[in-house]
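Right, one structure below, let's go through it.
What's counted below: heavy atoms across the whole structure, side chains too, no hydrogens, waters or symmetry copies. A, B, ... follow the sequence lines: proteins, then strands. Residue 1 opens every chain.
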Protein chains: 2
Amino acid sequence: MLTPERHRIILQLLKEKGIIKIQEIMELTNTSESTIRRDLSQLEKQKFLKRIHGGASRLQGKLQEPSMVEKSAKNLQEKRMIAKYAASLVEEGDCIYLDAGSTIFEMIEFLHVTDIVVVTNGLMHVPSLLNKDIPTYTIGGFVKPKTNAFVGRGALAGLELYRFDKCFLGVNGIHPQFGFTTPDQEEASVKHKAISLAREAYVLADSTKFSEISFAKISDLHEATIITNELADGIEKQYLTRTTIKVVTA
Amino acid sequence: MLTPERHRIILQLLKEKGIIKIQEIMELTNTSESTIRRDLSQLEKQKFLKRIHGGASRLQGKLQEPSMVEKSAKNLQEKRMIAKYAASLVEEGDCIYLDAGSTIFEMIEFLHVTDIVVVTNGLMHVPSLLNKDIPTYTIGGFVKPKTNAFVGRGALAGLELYRFDKCFLGVNGIHPQFGFTTPDQEEASVKHKAISLAREAYVLADSTKFSEISFAKISDLHEATIITNELADGIEKQYLTRTTIKVVTA
DNA sequence: TGTTTTTGAAAGAAAATGATTGACTTTCGG
DNA sequence: CCGAAAGTCAATCATTTTCTTTCAAAAACA
């Protein structure tokens, strides 16, 4: 077994389980303890994981944003359901804004209308959009390394050039009092501005985002319609007086 | 078995499995280890795969492959020479502009300074720049499908936000009378504006571009220094009175 | 025919691996 | 709290595998 393959397996396991023991990896890869130790050392140096006594753990402190790859493996099914519904809202002739992030990314494959224009701040979205022959604009600005999102002054100025029929956003926290929040202040500014430039704004969020609060506020709840997969019991009331929620079920 | 056939098999295997060992390929193609190694080296140089200890692996940057892979290996060599020299002009602390296009793309791997800022209109350049931990800005705007370059009103507005120490451009035609030209008018506008925003402008062009005229004019020759690999006999005079040319030799 | 390109083999360099050693951590019973 | 047993760790070494370079034979080409 080649080294990169082992690394891939280790990261995959880590993504699924959060913590792994050296013993487990040894059995799965049929290699010696020494080799696994070396692997873990390398991966730690590259900031892919954190070594702990007896194995390794995912590095994802609460302060840290999960990177794009980690996110995309998690809750993929739910995300796709939500994304599919959101995509169905897009109508012929629309000009839409697609936020960066993996949930919004899933929307692209479900976009079956042909005569639309898309503006996005997600670098990763562009190839997929072009593949579908969708005219695509980006807002420009600083490229945030971890998420590949355009942010900053350039992004805000770029946004200012456009107006949208609909905008679709991802967020990290949804809270009745504190509204929509996300860890990065720069990204929050972009999202906020996007909402203000659209006739209709939609926030795509799986159920885990409810009652969460992140650092930077994007806007109040009433400024966007929430699309989610389920609502925890008893929390409906707090939200439904403040905004519209669409629950998508399989 | 012919070389292109082997290459096809290798790429096919790679697409299916993600990682392949040299041993496997040897058995499948009935050729020697040396030959496979040579194949892998070539394919790596053309950015089709990544060599790893024991075999090869698919390169995952989805953004980096698409239409850019249509370059002959010989032309690539010249481009890389030109690109390498251009990259050596970048100094610590510079803010530089990198035009879209494959020649400029080759510059990135030769950028060995750490404290620089890059602005680009090339979507494909961004992942490579981020890989090298270089702070990267894009100018935004419409994404031209064929070249993945940002163009149009949004791109011009995005450019306006920045000023550069140096800008590096690709062109299609260089002519003493008609100046620098390129087929797409929108791209010409962006290139023209980039030149006007930079203290020093450089045009990277292999020798085949000389005496060519394309549709849209970018600027006169004197507005940029030309970096090329060779000068056809007898044409020096026509150019050297009008601009500066740096000829890079192996 | 002579020239260039492609191929396979061989030698030494480099990298990856597994086992071993002694030091360090954790656990758990007293 | 202590100390011993069990588990884990970094460092090192010998072995194996893989890599690069070089050279000459074979093949393709003019």
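- Within 6.0 Å of NZ in B:K21 there are 12 or fewer heavy atoms belonging to other residues, nucleotides or ligands.
- A sub-4.0 Å separation between OP1 or OP2 of C:dA19 and a side-chain N or O of A:S32 is absent.
- For the pair A:H7 NE2 and C:dT17 C1', the interatomic distance rounds to 13 Å; values are reported in whole Å.
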Restricting to nitrogen or oxygen on both sides, can you table the protein-nucleotides 15-18 of chain D pairs closer than 3.5 Å?
{"residue": "D:dT18", "atom": "O3'", "partner": "B:G54", "partner atom": "N", "Å": "3.1"}

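- Per the geometry, CZ belonging to B:R38 stands 15 Å off P belonging to D:dA27, to the nearest Å.
- Residues A:K79 and A:S102 bring a donor and an acceptor atom of their side chains to less than 3.5 Å of each other.
- Between B:K246 and B:I226 there is no side-chain heavy-atom pair separated by less than 4.5 Å.
- Backbone-only engagement by A:T3 is indicated by non-hydrogen atom pairs under 4.0 Å involving sugar-phosphate atoms exclusively.
- The separation between A:I20 atom CD1 and D:dT8 atom P is 14 Å, rounded to whole Å.
- Rounded to an integer number of Å, the gap from B:M1 CE to C:dT7 P is 11 Å.
- Looking only at side-chain heavy atoms (C-beta outward), B:H175 and B:T181 stay at 4.5 Å or farther from each other.
- Atoms CG (B:D39) and C1' (C:dT7) sit 11 Å apart, rounded to a whole Å.
- With rounding to whole Å, B:I36 atom CD1 is found 16 Å from D:dT20 atom C1'.
- Using a 30° and 60° split on the angle between ring planes, B:H112 and B:F110 fall in the perpendicular class, above 60°.
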Using residues 116-123 of chain B as the side-chain source, report each donor-acceptor pair under 3.5 Å to any protein atom, sequence neighbours left out, with the distance given to one decimal.
{"residue": "B:T120", "atom": "OG1", "partner": "B:L98", "partner atom": "O", "Å": "2.7"}
{"residue": "B:T120", "atom": "OG1", "partner": "B:G122", "partner atom": "N", "Å": "2.9"}
{"residue": "B:T120", "atom": "OG1", "partner": "B:H125", "partner atom": "ND1", "Å": "3.4"}
{"residue": "B:N121", "atom": "OD1", "partner": "B:Y97", "partner atom": "OH", "Å": "3.2"}
{"residue": "B:N121", "atom": "OD1", "partner": "B:A100", "partner atom": "N", "Å": "2.8"}
{"residue": "B:N121", "atom": "ND2", "partner": "B:F150", "partner atom": "O", "Å": "3.3"}

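- In this structure, B:S34 does not reach the D:dT22 phosphate: none of its side-chain N or O atoms is under 4.0 Å from OP1 or OP2.
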